[in-house]
J.: 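Sharing a structure, written as structure tokens. Questions coming.
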Amino acid sequence: MPRMASFFLLFLAVIAPSFAPLAPGQEPLHARMDALIEAKADGPLAAQSANAEFLRRIYLDFAGRIPTVDEVRAFLADADALKREKLIDKLLAGEEYPRRMGQVFHVMLMERLGDHKEWQKYLQDSFAANKPWDVMARELLNPSAEDQATRGAALFFSKRLENYGQNPVDVPGMVRDVGRLFMGIDVQCCQCHDHLFVDDYKQEYYQGLFAFVGQAQLRQGESFPAISEKPLTKKVEFMSVFVKAPKTVGPYLPGLKEVEIPVFANGEEWEVKPDPQKKIAGKLKFSTLKLLSEQLPTADNQLFKKNIANRLWWMMLGRGLVHPLDMQHAGNAPSHPELLDLLADELAARKFDMKWLLREIALSKTYQRGSQAADDAAAESPRASYRVALEKPLSSEQLLASMTTATCETARAKPDELQERFAKAFANPPREPEVEFSPTVKAALFYLNDSVVLGWLKPAPGNLAERLAKTMEPDELAEEMYLAILTRVPSEEEKKDVADYLAKHAANREIAIRNLLWSLLASNEFCMNH
Amino acid sequence: MNPLCKPWEHALSRRQLLGAAAGVAGSLGLSNLLHPVAAADMQKKAKQVLFIWIDGGMSQLESWDPKPNTLFGGPFRAIPTSVPGIHVSELVPRSAKIMQHLAIVRSLCTQDNSHSAGVARIQRGDPKNRGVTYPYFGSAVAKLLGAGTSGLPPYVWIKPGSSGFIHQDAGFLGPKFGAVAFGDGKPPENLVLHDSVTPADDDERNVLRAAANARYAKNRRKQVGEATSYVYDVARTLMKRQDLFDTTKFDPKDVERYGTHEFGRHMLQARKMLEAGVTFVKVNSYGWDTHGDNFNGHLSLMPKFDQAFAAMVQDLADRSMLDNVLVIAMSEFGRTPRINGHIGRDHWPEAWSLVMTGCGIKRGLAVGETNAEGTWVKNQEFDIGHMFHTWFTALGIDPAQTQYDNGGQPLPIAHDGCHAVKELLS
């Protein structure tokens, strides 16, 4: 790729001096990311984000909320040339980072199927300790009820082993989710036949994965999420609905060898025999979940490492290099194959240190690009080109935290109760991944008429509405309001509009302020991470 | 931009982006149909559906296929209708008088004998298993016909019980094709303007919101703005249509004609929804599972159904709406000819009836026949798949030319082993 190479050299010549001295060929990952993106951009790149835009974006991504007015003012006033990098490091070290990452992974792994205190604790603790992803994956795929610190991880399986409504346990759905969420492959169609138009996906993919996880069972009556496991004694028998020839497969992962199933005399399968009376789940000599947790999350498993690299890239950039995220196969090549390889390999080389990769992405010019193009035509550039920063929808968690931050209602808010309310209004239904922006009538009605949201717009001690009510100078009011809600100063035109509106409604100032606040909170600028 | 795109589909969805990944890059309006409904069809007067779901199983013997004076016929007589030669049960006298508008199918033979499986399978048209969850008829029509120009949601469900947004009906089409349910005729949460906001303030704050959005949209992709505008427009249109669900404002004469009972109220509300331009209105009636005391049960239930159903069909005919509104009244199965020890009838998917009229349907006929005792289908046996083919065809959607595109997976809109019933099509 001569074109890419020359661009690359040019890029190094221009940019390299501003970084700390590096050994040849050792330019930081974020610079290599940018080079690969720019080499394929095929059109004009949007300008770098303004400080305010970057500030809002990085807070939403790493703290899960917009910044406070004080945080905005401080950052905008800061003259330090390295202030972006310093803020990135501050947020990654901050206490909101584990909460935010816990939310991202909760939504990603559970897809609103349910929640549990121990699961939340597991996620928080894991991200607070910056636990490597391969370690987390091992704990999720083979949870240990004995280990109090990690046993909450069992929720990934236990929720999927519960009935939902009148429906039976969705075992195929559970098999599918292991493939989707840990390897980025959706093998649902392979339950009944080789995938019809994804040549890579064979029926053995589904059935081999089913052999690994099909023995998992829900453990009832525990205060924590827990599962047990039956012994796998023979291969899975299956037949394609198209080719009526019986086949069998044992535990098998794409790209690896099928596992031989050891033969035990009846009753000899157990290292520790289960005893329901004494609440002993038992321990198998041949545990397929243990095997899965050893075989799947490895640096050699291309699907595993690319999946997590792709998902972290999506979290930051709003589109997976492979998109949809669970469609890794030859017919759906990554938009930037070398970049995905690079991210996956570097992440694996760093022992799956997710915080490190997120930091590198945050430092990239690609991440820090503006979300506004030079003109309307340029705005409609292909999403996969990353020429313009992509808008990302706010999760219900981000929306709640940002609304209470904007209105200065965080102290009074009851987060658990409110989160339930917000999830009901804004989250997708269970089993619908929250990957794309999907506004709903339900959410609009919530914004328009929910009494809690409207309540935040009434003056109360210390809140934004009260502060604005006391601010008589319209320009000052406009600035305070825009900084609090949209993380930026208003334009002259916007200031004039605010002043005119307040003047028109001078007799009913409190309502006028409420209408202004509502309009900004309900605006797309607030509801998107741009 | 696809000329067939419907503004309300501009909400980004996973599946639309699946389409984009398959090489149709960037086109947000792309519909997930492989062969979209032809443009000429779209320009015709908007087609609508009224789907009356009689939950639990209406007895064909006490309604559309009476067998008086036979072993299993039960105590009720058959009466002549406005169409010579067609007789129905004496429990539906008003429907009998408008038989010239109706088409009865008496030869349904379907698969499911249980409510839990039957309701879903029948409303999904019982397609072949392809490892995906098919949409209910309402979601399918919402997808295939779109929301029209009413500004209202395309699929409204009026039922006893609770209100809400019922995403489950949509299956693989995705939550936005689900139903907006008006439980007991009441709107979902947050549909009434909050006490603290006057209508004038509501307008003002939304003008301010639109101005903020217009500024934000400059030099940005259009998708976000279009999608949010659409959902706010629908939300606000619904909020302003309190007349659709405020039963106290209904004309007393209409209330009298449709019936002062729950089903009558819900049917009247359904007519208002259809008049307001909702594409698909489903009305549920519960309590038809008459395993015990079937005859008293139907004696009580049928007149309520008959009254509201006949009033509805007459009103649609009087308003020249019948040519555009497809009306279907059906259950998940019929009831056993054999009368059990509790003087009840059990579930019977083997030989049962439904009734339809309106858009694209031939009127004044009965299709198919059961044997003398009503136990089995004698001729022209149809599964629910045949009905779906018939209904889609009646609505101008050719099931042979139209497929769903589920992220690249082509899926027929109706069972590919069935076909439309020609005798039923006008």
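Computed from a predicted structure; not experimentally measured. Convention: sequence-line order gives letters A, B, ...; per-chain numbering from 1.
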J.: Pick whichever of A:Glu494, A:Gln191, A:His195 has the most heavy-atom pairs under 4.5 Å with chain B.
T.: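 Of the options given, most contacts go to A:Glu494.
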J.: Check each atom of A:Asn508 against the heavy atoms of chain B and say whether the ones under 4.5 Å are side chain, backbone, both or neither.
T.: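 Contact with chain B: none, neither part.
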J.: Please classify the contact of A:Ser381 with chain B as side chain, backbone, both or neither, using a heavy-atom distance under 4.5 Å.
T.: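 Both backbone and side chain.
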J.: In terms of heavy-atom proximity below 4.5 Å to chain B, should A:Ala384 be classed as side chain, backbone, both, or neither?
T.: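 Contact with chain B: none, neither part.
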J.: Quick one: sort the A:Tyr447 and B:Tyr232 rings into parallel, tilted or perpendicular, breaks at 30° and 60°.
T.: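 Ring orientation, 0 to 90° scale: tilted.
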J.: Which atoms of A:His505 come close to chain B, meaning under 4.5 Å heavy atom to heavy atom: side chain ones, backbone ones, both, or neither?
T.: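 Contact with chain B: side chain only.
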J.: Judged by modelled atom types alone, do A:Gln372 and B:Tyr216 share a side-chain donor-acceptor pair under 3.5 Å?
T.: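 No donor-acceptor contact under 3.5 Å links the two side chains.
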J.: Can you see which heavy atom on A:Asn449 is nearest to which on B:Asn190, and at what distance?
T.: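 In terms of heavy atoms, the two residues are closest at ND2-O, 2.6 Å.
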J.: Heavy-atom distances under 4.5 Å only: say whether A:Leu516 touches chain B with side chain, backbone, both or neither.
T.: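 A:Leu516 touches chain B through backbone and side-chain heavy atoms alike.
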J.: Locate the shortest heavy-atom distance separating A:Val441 from B:Leu238; write the atom from each residue and the value.
T.: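 The pair with the smallest heavy-atom distance is CG1-CD1, 4.5 Å.
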J.: Side chains of B:Glu204 and A:Lys504: does their closest heavy-atom pair fall under 4.5 Å?
T.: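 With C-beta onward as the side chain, the pair touches.
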J.: Side-chain donor-acceptor pair under 3.5 Å between A:Ser523 and B:Asn213, yes or no?
T.: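 Distance-only check fails for A:Ser523 and B:Asn213.
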J.: May I have the step-by-step check of side-chain contact (heavy atoms from CB on, under 4.5 Å) for A:Glu391 and B:Gln223, ending in yes or no?
T.: CA-CA 10 Å; A:Glu391 295 158 287; B:Gln223 301 153 346; 6.0 Å; no
J.: To the nearest 0.5 Å, how far apart are CZ in B:Arg209 and CD in A:Glu525?
T.: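 Between B:Arg209 CZ and A:Glu525 CD, I get 14.0 Å after rounding to 0.5 Å.
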J.: Please report the closest heavy-atom contact between A:Leu454 and B:Ser196, naming both atoms and the distance.
T.: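 In this case the closest contact between A:Leu454 and B:Ser196 is CD1-OG, 4.1 Å.
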J.: For the atom pair CE (B:Met239) and CG (A:Leu445), what is the distance rounded to the nearest 0.5 Å?
T.: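 If we round to the nearest 0.5 Å, B:Met239:CE and A:Leu445:CG are 7.0 Å apart.
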J.: Could you walk me through whether A:Asp497 and B:Arg215 satisfy the salt bridge (charged side-chain N to carboxylate O under 4.0 Å, His left out) test, starting with their C-alpha distance in whole Å, then the side-chain angles of each, then the deciding distance to 0.1 Å, before giving a yes or no?
T.: CA-CA 12 Å; A:Asp497 283 358; B:Arg215 285 193 180 116; 2.3 Å; yes
J.: Less than 4.5 Å apart, any side-chain heavy atom of B:Val224 and any of A:Met528?
T.: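 B:Val224 vs A:Met528: side chains touch.
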J.: Judged by modelled atom types alone, do A:Glu432 and B:His167 share a side-chain donor-acceptor pair under 3.5 Å?
T.: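 There is no such pair between these side chains.
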J.: If I compare all heavy atoms of B:Gly225 with all of A:Asn524, which pair ends up nearest, and what's the gap?
T.: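 What the structure gives for the nearest pair is CA-ND2, 3.7 Å.
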J.: Has A:Glu420 got more than 12 heavy atoms of other residues, nucleotides or ligands less than 6.0 Å from its CD?
T.: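 Not buried by this count: 12 neighbours or fewer within 6.0 Å.
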J.: Would you say the side chain of A:Trp518 lies within less than 4.5 Å of the side chain of B:Asp202, judging by non-hydrogen atoms?
T.: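 SC-SC contact between B:Asp202 and A:Trp518 ruled out.
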J.: side-chain contact (heavy atoms from CB on, under 4.5 Å), that's the test. Do A:His530 and B:Arg220 meet it? Break it down for me.
T.: CA-CA 10 Å; A:His530 45 83; B:Arg220 285 197 167 85; 3.9 Å; yes
J.: Specify the closest pair of heavy atoms between A:Leu448 and B:Ala235, including all atoms of both residues, with the distance to one decimal.
T.: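 Residues A:Leu448 and B:Ala235, closest heavy atoms: CD1-CB, 4.0 Å.
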J.: Take A:Tyr501 and B:Val207 through the side-chain contact (heavy atoms from CB on, under 4.5 Å) test and state the conclusion after the steps.
T.: CA-CA 12 Å; A:Tyr501 188 75; B:Val207 168; over 6 Å; no
J.: Is it the side chain or the backbone of A:Gln188 that comes within 4.5 Å of chain B heavy atoms, both, or neither?
T.: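 Side chain only.
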J.: Between A:Ala378, A:Ser335, A:Ala374, A:Ala46, which has the largest tally of heavy atom pairs under 4.5 Å with chain B?
T.: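 Most heavy-atom pairs under 4.5 Å with chain B: A:Ala374.
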J.: Quick check for you: among B:Asp195, B:Leu193, B:Asp233, which has the greatest number of heavy-atom pairs under 4.5 Å with chain A?
T.: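 Option with the greatest count: B:Leu193.
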J.: Using a cut-off of under 4.5 Å for heavy-atom pairs, which of A:Ala444, A:Ala443, A:Ala425, A:Pro172 has the most such pairs with chain B?
T.: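 Counting heavy-atom pairs under 4.5 Å, the top option is A:Ala444.
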J.: Answer yes when A:Lys424 and B:Glu189 have at least one side-chain N-carboxylate O distance shorter than 4.0 Å, and no when they do not.
T.: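 Yes, A:Lys424 and B:Glu189 are salt-bridged.
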J.: Heavy-atom cut-off 4.5 Å, strictly under: side chain, backbone, both or neither for A:Leu486 against chain B?
T.: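 Nothing of A:Leu486, per the 4.5 Å heavy-atom cut-off to chain B.
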J.: Looking only at heavy atoms, what is the nearest atom pair of B:Arg205 and A:Ser519, with distance?
T.: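 That would be O-CB, 3.6 Å.
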J.: Applying side-chain contact (heavy atoms from CB on, under 4.5 Å), run through A:Ser451 and B:His194 and close with a yes or a no.
T.: CA-CA 7 Å; A:Ser451 49; B:His194 195 268; 3.3 Å; yes
J.: Let me know if A:Ala522 has heavy atoms under 4.5 Å from chain B in its side chain, its backbone, both or neither.
T.: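 Backbone plus side chain of A:Ala522, per the 4.5 Å heavy-atom cut-off to chain B.
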J.: Taking atom types as modelled and ignoring hydrogens, do the side chains of B:Asn219 and A:Asp375 form a donor-acceptor contact shorter than 3.5 angstrom?
T.: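 No, no side-chain donor-acceptor contact under 3.5 Å.
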